[in-house]
Participant: 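I have a structure here, written as structure tokens, and I will follow up with some questions on it.
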Number of protein chains: 2
Amino acid sequence: MQIFRIVVDEREKNSSVHLYLRNMGVRVLFRRLSVADYVLSGDCAVERKNVKDFVKSIIDGRLFDQAYRLSQAYSRSSIIVEGDVKLAYSSLKAGSKSFWGALAYVWMVFGVPSFFTLNERETAELIHALIKHEQGEVKKRIYIRSKPKLESLADRQLFVVQSFPGVGPKLALRLLKTLGSIKNIVNASPAELSMIEGLGRQRAIQLVNFFNSMYREVSRDSGQVKLDDIGVR
Amino acid sequence: MQIFRIVVDEREKNSSVHLYLRNMGVRVLFRRLSVADYVLSGDCAVERKNVKDFVKSIIDGRLFDQAYRLSQAYSRSSIIVEGDVKLAYSSLKAGSKSFWGALAYVWMVFGVPSFFTLNERETAELIHALIKHEQGEVKKRIYIRSKPKLESLADRQLFVVQSFPGVGPKLALRLLKTLGSIKNIVNASPAELSMIEGLGRQRAIQLVNFFNSMYREVSRDSGQVKLDDIGVR
DNA sequence: ATAGCCGGGTGGTGA
DNA sequence: TCACCACCCGGCTAT
């Protein structure tokens, strides 16, 4: 399992969220942050509030200010509201109207969604899930819809060819029929490829480039590089 | 007071959300929609699900498909989950991990947040609040989200390599890292392949055979109808 | 989505 | 070299 890192505002020390995170194997760094509470990366951060705070910040308008600053500083930020939501819109004067209004406002205007958790453990779980997508390695697994005979050679070949960019079921079939094997396809010249019906010169070249292009590891930072500058805003 | 309009999928007629909306002074138009349930504008739409549906769609992966389509069709879309949330992650007993995981996934990957309401009235109130910001006079929108590039070259390459038989995320990564390009992998000798950690002689040979083997059309007695049905999720 | 199980290949160890 | 075995990985199933 990969090591995840997070920067947490010092004032969050008294909650136990960071303890849960530690338990989940997340490296926690404390810093004095000016905008968010939890920084997951250079452009992803989370503000945590309990329900009482949330309500108060709706009333005095602080919420919208914070959402604005979040949206300015990080391209993907969100607010986590912790506690019993019921409490929220029962304590709002205008009732639930202003509650949904606030949610809608923050989302529609600033692009900041709000998540609701019941306690610190859930908050930690959510943050952990968010981190995994922000820092996690790509684990896109491929899935087959229906498998009449998944294990037949032909099916496997089709499956592979279909995974090429811009190649669907029909094109895959024609490719295999005309060129025979996967190796033949991969080694084919643009000219050979564009012989195939439905595959023009343009895409043929794209494909060839695709096969030839070198893999470059995603510079999803290697950890220690930007830890210092994370969250300084 | 300005008049707001909304387009609602026909299949939503049996819920009473649209009635509430009418009561709030919203013009409701029914249409057959292919992606969302409620369309607030050309680039804002909402998918409504009850908790049971929500859970089911997590399990069978439908949720992620829908979120993807939402994000493609509308620049600012969201999912409204109606009902008792508790019910949700109690039926996903994986410690609610998969619940938060799904929420995080849909938000981080597709930019689609999920809102939770208790009943149809609340759903209507939320939608109403959303409309006000979408169609309201002041459309000051700060939110500019850079769409997460799901199709980086590296991702595509990984995707293809993972589709090879017996190759999962880990092996795919190592293969690309050591051999560089897809063409290199396909043309590699068994010896070269088995240099890779976790890929021994046996599988190396299998792979090479796989790349070389000629495609043989499967003769399905019921006619070759099903060839198109092999799909990638 | 996540957790967990299973079957099998891999690669190291020691004979 | 080979047999053994612990571990890892990929594939599949279930809550």
Side-chain angles (χ1 to χ4, degrees), chain A residues 1-2 4 23-26 115 117 121-122 124-152 155-156 159-160 163, chain B residues 49 51-68 79 81 85-110 112-114 150 158-178 190-210 232-233:
Chain A
M1 177 73 125
Q2 188 180 347
F4 298 119
N23 266 355
M24 297 168 181
V26 179
F115 297 103
T117 63
R121 190 182 54 75
E122 288 191 4
E125 280 180 353
L126 175 52
I127 291 179
H128 186 227
L130 291 170
I131 283 194
K132 284 206 289 206
H133 286 108
E134 185 64 17
Q135 301 180 11
E137 56 187 65
V138 212
K139 57 166 183 182
K140 280 183 282 229
R141 202 73 192 85
I142 303 154
Y143 238 94
I144 304 243
R145 233 322 148 198
S146 59
K147 42 167 190 178
K149 266 207 277 181
L150 171 61
E151 299 309 338
S152 101
D155 283 346
R156 283 190 176 276
F159 181 60
V160 168
S163 77
Chain B
K49 314 178 90 67
V51 173
K52 211 167 109 288
D53 268 2
F54 184 71
V55 171
K56 274 189 57 178
S57 66
I58 289 180
I59 293 171
D60 62 24
R62 213 174 64 247
L63 175 69
F64 313 103
D65 195 53
Q66 288 175 331
Y68 170 73
I79 297 172
V81 183
V85 201
K86 295 289 196 50
L87 206 104
Y89 48 83
S90 61
S91 47
L92 284 167
K93 212 48 166 200
S96 72
K97 286 280 179 58
S98 50
F99 175 80
W100 300 115
L103 247 54
Y105 184 81
V106 167
W107 160 237
M108 295 294 281
V109 175
F110 302 115
V112 177
S114 309
L150 189 55
L158 277 171
F159 184 72
V160 169
V161 178
Q162 282 180 33
S163 76
F164 296 160
V167 177
K170 301 276 198 329
L171 264 184
L173 194 61
R174 283 191 286 240
L175 274 165
L176 277 169
K177 269 190 191 170
T178 24
E192 291 174 280
L193 285 176
S194 38
M195 303 286 298
I196 279 108
E197 156 122 7
L199 216 177
R201 231 179 89 79
Q202 177 136 339
R203 298 175 103 178
I205 293 174
Q206 281 178 355
L207 262 187
V208 172
N209 285 337
F210 176 74
V232 184
R233 292 214 93 254

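All heavy atoms count here, side chains included; hydrogens, waters and symmetry mates do not. Below, chain A is the first sequence line, B the second, and so on; all start at residue 1.
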Participant: Using side-chain heavy atoms (C-beta onward) and a distance below 4.5 Å, is A:L126 in contact with A:E122?
Facilitator: no
Participant: Mind calculating the distance between CG (B:L175) and P (D:dC9) to the nearest angstrom?
Facilitator: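 It works out to 13 Å between those atoms.
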Participant: What is the distance from atom CZ of B:R62 to atom NZ of B:K49, rounded to the nearest 0.5 Å?
Facilitator: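 If we round to the nearest 0.5 Å, B:R62:CZ and B:K49:NZ are 5.0 Å apart.
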Participant: Nearest whole Å is fine: how far is C:dA1 C1' from B:Q66 CD?
Facilitator: 15 Å
Participant: Could you give the NZ-to-C1' distance, from B:K56 to D:dT15, as a whole number of Å?
Facilitator: 15 Å
Participant: What integer distance in Å separates A:H128:NE2 from C:dT2:P?
Facilitator: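 My rounded result for the distance is 9 Å.
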Participant: Separation of B:L207 atom CG from C:dG8 atom P, in whole Å?
Facilitator: 18 Å
Participant: Taking salt bridge (charged side-chain N to carboxylate O under 4.0 Å, His left out) as the definition, give me every residue that meets it alongside B:K177, ordered by chain and number, with sequence neighbours left out.
Facilitator: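 Counting only residues at least two positions away or on another chain, B:K177 forms a salt bridge (charged side-chain N to carboxylate O under 4.0 Å, His left out) with A:E217.
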Participant: Does one side chain, of B:S96 or A:E125, offer a donor that lies under 3.5 Å from an acceptor on the other?
Facilitator: yes
Participant: Heavy atoms only, 4.0 Å cut-off, all strands: where does B:L171 land among base, sugar-phosphate and nothing?
Facilitator: sugar-phosphate
Participant: Provide, to the nearest angstrom, the distance between the CD1 atom belonging to B:I196 and the C1' atom belonging to C:dG9.
Facilitator: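 Going from B:I196 (CD1) to C:dG9 (C1'), I get 15 Å.
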Participant: For B:L63 and B:A102, work out which heavy atoms get closest and say how close.
Facilitator: CD2-CB, 4.5 Å
Participant: Rounded to the nearest 0.5 Å, what separates atom NZ in A:K132 from atom CE in B:M108?
Facilitator: 12.5 Å
Participant: Find the distance B:L193:CG to C:dT10:P and express it as a whole number of Å.
Facilitator: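 So the CG-P distance, B:L193 to C:dT10, works out to 11 Å.
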Participant: Of the nucleotides C:dT10, C:dT2, C:dA1, which one has an atom closest to the side chain of B:R203?
Facilitator: C:dT10
Participant: Write down the protein N/O and nucleotide N/O pairs, taken from nucleotides 13-15 of chain C, whose separation is under 3.5 Å; answer none if there are no such pairs.
Facilitator:
none

Participant: For a quick check of understanding: with a heavy-atom distance under 4.0 Å over all strands, which category does B:I205 fall into, base, sugar-phosphate or nothing?
Facilitator: nothing
Participant: As a test of reading the structure: which of C:dA1, C:dA3, C:dT10 is closest to the side chain of B:K97, going by heavy atoms?
Facilitator: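 Per side-chain heavy atoms of B:K97, the pick is C:dA3.
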Participant: From D:dG10, C:dT2, C:dA1, pick the nucleotide closest to the side chain of B:P169?
Facilitator: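 Between D:dG10, C:dT2, C:dA1, the one nearest the side chain of B:P169 would be D:dG10.
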Participant: Could you check whether any side-chain heavy atom of A:I127 comes within less than 4.5 Å of a side-chain heavy atom of A:V26, counting everything from C-beta outward?
Facilitator: no
Participant: Nearest-Å distance, CG (B:L173) to P (D:dC9)?
Facilitator: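 Rounding to the nearest Å, CG of B:L173 and P of D:dC9 are 11 Å apart.
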Participant: If every non-hydrogen atom of B:S194 is compared with every non-hydrogen atom of B:P190, which pair is closest and at what distance?
Facilitator: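 Shortest heavy-atom contact: OG-O, 2.7 Å.
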Participant: Closer than 4.0 Å, any side-chain N/O of A:K132 to the OP1 or OP2 of C:dT2?
Facilitator: yes
Participant: Which listed nucleotide (C:dT2, C:dG9, C:dA1) is nearest to the side chain of B:Q202?
Facilitator: C:dG9
Participant: Under 4.0 Å between any heavy atoms, over every strand shown, what does B:L103 touch: base, sugar-phosphate, or nothing? Just pick one.
Facilitator: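 Nothing, no heavy atom under 4.0 Å.
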Participant: Can you figure out which of D:dG10, C:dT10, C:dA1 approaches the side chain of B:L199 most closely?
Facilitator: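 Per side-chain heavy atoms of B:L199, the pick is C:dT10.
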Participant: Checking contacts here: which listed nucleotide (D:dT15, C:dT2, D:dC9) is nearest the side-chain heavy atoms of B:R174?
Facilitator: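 Among the listed nucleotides, the one closest to the side chain of B:R174 is D:dC9.
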